[in-house]
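Atoms within a ligand are numbered from 1 in the order they appear, just like the ligands themselves.
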Amino acid sequence: MVLSPVIGKLLHKRVVLASASPRRREILSHAGLRFEVVPSRFKEKLDKASFPTPYAYAIETAKQKALEVARRMHQKDLRAPDVVIGADTIVTIGGLILEKPVDKQDAYRMLSRLNGKEHSVFTGVAIVHCCTTDAQLDLEVSEFHEETTVKFSELSEELLWEYIDSGEPMDKAGGYGIQALGGMLVEHVRGDFLNVVGFPLNHFCKKLVELYYPPRREDLQRVKHDSIPAVDTFENLSDVEGSGSDPAQGDDGGGHGRAEAGGDKRQGPAGMQGTDSTGTGESPPPFPAGLLELIDGFKASKALFVACKLNVFDVLKDGAPLKAMDIAGKIDASVCGTERLLDVCVALGLLEKTDRGYRNTELADVHLASDGEYSLHGLAMRSNDHFWNLFTDLELAVREGASAAFGRKAEEPVQSKHKKLQFMRAMHGLAMLTAHQVATAFDLSRFTSACDLGGCTGALARALTQEYPRLKVTVFDLPEVIEHVTCFQPEGRRPDWMSFTPGDFFKDDLPEADLYILSRILHEWPDDKVCELLSRVSSRCGGILVAEKVLEDKPAARGSLPSSLNLLVRTQGRERSLPEYRGLLERHGFRDVRLAHAGDRLDVMLGTRASPP
Ligand SMILES: O=c1[nH]cc([C@@H]2O[C@H](COP(=O)(O)OP(=O)(O)OP(=O)(O)O)[C@@H](O)[C@H]2O)c(=O)[nH]1
């Protein structure tokens, strides 16, 4: 039985499910779809940091899975199937993406993170239409994602381990299977259940409707865009030639008068099948959803900045949900404006809306309230107050080059106390997120003293002293920075085991150290200044630890692009590749320069030299 008429549209096509997931196979075959299964060989190793959202990552992975199968099948038979379906399911919590656990400990880490909390499950789906002409493969990809929110009960350690020992978590995103034993861990689900299991069937059908029945212009006014047509709207939808009852063929078999001259044939994705759904003789291109999202991206950023500036996430932190009117009162803003801003924050995944009002998502609680240990509120504020304006000069910076733009409106002298603190908060938020990974990227136990040049609030220095209790660490930064470091220390006072020394690393004497650290410093400067700084440290130490996002050989990863433009509008510096960093370090006597990844946003290089006599 085929309940959904759009599934019927695929019945006479050669459909391939590019997935090894038994759940996806089951969901689609229960829906009446006939297909072959060809598991994808695509390695799920895309750089998560290079995607603007977790779902963009899931969509891209789904797409690559499907494309790999389409291309492989085409190569083998010189004929690809008509349609290849790929999917990828991920779990996100607190900004982290969880996939399938690699072992029991990993499953334990995942389930402990989810324990007692709410998280999101995203499935990205790609529907690839293939067309082979003269042995040439032409592919058209349609993609979408679905989000479902799942809340776990508070679970005991014993129960978690019992569940892990059942073996169920191992091949499941986030380490649980909601359809089986894992269902017992779940308190509630908001959204499509099957999406959690691995395939958002409902959205898939809507997408097929969009692809196979693009609305005619006159219908646009009366058909709600995203609804699945009722079964009686498209009766007898067989693709069999001469069936005579496809409404697209223009007879009256339930076709509801769609037979006008030049009417749409509604056979599938317009681009692939030359369908004329506009009546103008030209096929409309695929809907450029990603591009539109990009065009609107600045509005999303600004909404986030304004919500931070108005302290929306502070008002809602750890508290009961509040209605728009109450929030408006607390942030001193209009009710209608506040409500719109709150709804946008819901759409962006920063807030949740329930019958009782709005509340922070975990992401907002951890990163957007101003007082958390891992708060990025300072970074959002600096982006709003400083980078936003600088980016209005991007065109000029591109036309004239960094050196011409630099100095005109570039880096502001960090003048007022407010600005200084905002700068430090932004740096502190970023450093806190990566400090542990930078500190542990290499074994530094052979060094006895370290100096973090431009170490700002000492976030990295603190992580180093925690990792190497015998390491004596000095933070060296400008006097106007050192003046304010105390308020960033957890105990509200400077710790005894670290020292802070004020100075300018281009001009003043540097503290003696065995290891010099330059974290996010070198990219701020052009090569001549980098050389000046490296020659100041090279003769005095046994090693150098440099933390930067290293440009890869392939076209720049998306994650490093905004930073690269940031440097263009703001400084004369630039991001560099590993050979470039290696060249600079080797020129100053550092040998054996090694690279380690410290998470998605930062890489660490360690270079050593024979200790000075
Ligand atoms: O509650 C549940 N949550 C998730 C699952 C299953 O988890 C996996 C997710 O992994 P992925 O999307 O990478 O898919 P694979 O299994 O590796 O198959 P592919 O060949 O398509 O890459 C998926 O199987 C979900 O069904 C679950 O069962 N319950």
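Heavy atoms of K172 found under 4.0 angstrom from ligand 1 belong to the backbone as well as the side chain. Within the 4.0 Å heavy-atom criterion, neither part of T61 lies near ligand 1. Contacts between P39 and ligand 1 below 4.0 angstrom, taking non-hydrogen atoms only, are absent altogether. Contact annotation: for K100 versus ligand 1, heavy atoms closer than 4.0 Å belong to the side chain alone.
Those atoms of ligand 1 with a heavy atom of E44 less than 4.0 angstrom away are 13 (O), 17 (O), 22 (O). Applying the 4.0 Å criterion to heavy atoms of G177 picks out, from ligand 1, the atoms 1 (O), 2 (C), 29 (N). Atom numbering of ligand 1 starts at 1 in the shown order; those under 4.0 Å from a heavy atom of A173 are 4 (C), 7 (O), 8 (C), 9 (C). Listed by atom number, the atoms of ligand 1 under 4.0 Å from K65 heavy atoms are 11 (P), 12 (O), 13 (O), 14 (O), 19 (P), 21 (O), 22 (O).
Ranking protein heavy atoms by distance to atom 29 (N) of ligand 1, first place goes to Q179 OE1, 2.9 Å. In this structure, the protein non-hydrogen atom closest to atom 6 (C) of ligand 1 is R23 NH2, 3.6 Å. Shortest contact from atom 18 (O) of ligand 1 to any protein heavy atom: R24 NH1, 3.5 Å. What sits closest to atom 8 (C) of ligand 1 on the protein, heavy atoms only, is D171 O, 3.5 Å.
Counting only heavy atoms from C-beta outward, the side chains of L363 and T92 never approach each other to under 4.5 Å. Using a 4.5 Å cut-off on side-chain heavy atoms (C-beta onward), K172 and R23 make contact.
Taking the six-membered ring wherever Trp is involved, the centroid distance between the rings of Y212 and H129 falls below 6.0 Å.
Proximity annotation for atom 25 (C) of ligand 1: of I178, V197, T89, V197 comes nearest, heavy atoms only. In the candidate list A20, P22, A18, S21, S21 is nearest to atom 16 (O) of ligand 1, counting heavy atoms.
Note: H145 and F122 have tilted aromatic rings, judged against thresholds of 30 and 60 degrees for the angle between ring planes. Relative ring orientation between Y176 and H119 is described as perpendicular, the plane-to-plane angle rising above 60° on a 0-90° scale split at 30° and 60°.
The two residues L460 and A439 come nearest to each other via the heavy atoms CD1-N, 4.1 Å. Residues L28 and L201 come closest through the heavy atom pair CD2-CD1, 4.1 Å. Here the closest non-hydrogen pair linking G198 and T123 is O-CG2, 3.6 Å.
Polar contact with ligand 1: present for V196 (N/O pair, distance under 3.5 Å).
Remark: side-chain polar atoms of S375 are paired, donor with acceptor, to backbone N or O of A369 under 3.5 angstrom.
Donor-acceptor pairing under 3.5 Å is lacking for the side chains of E68 and Q64.
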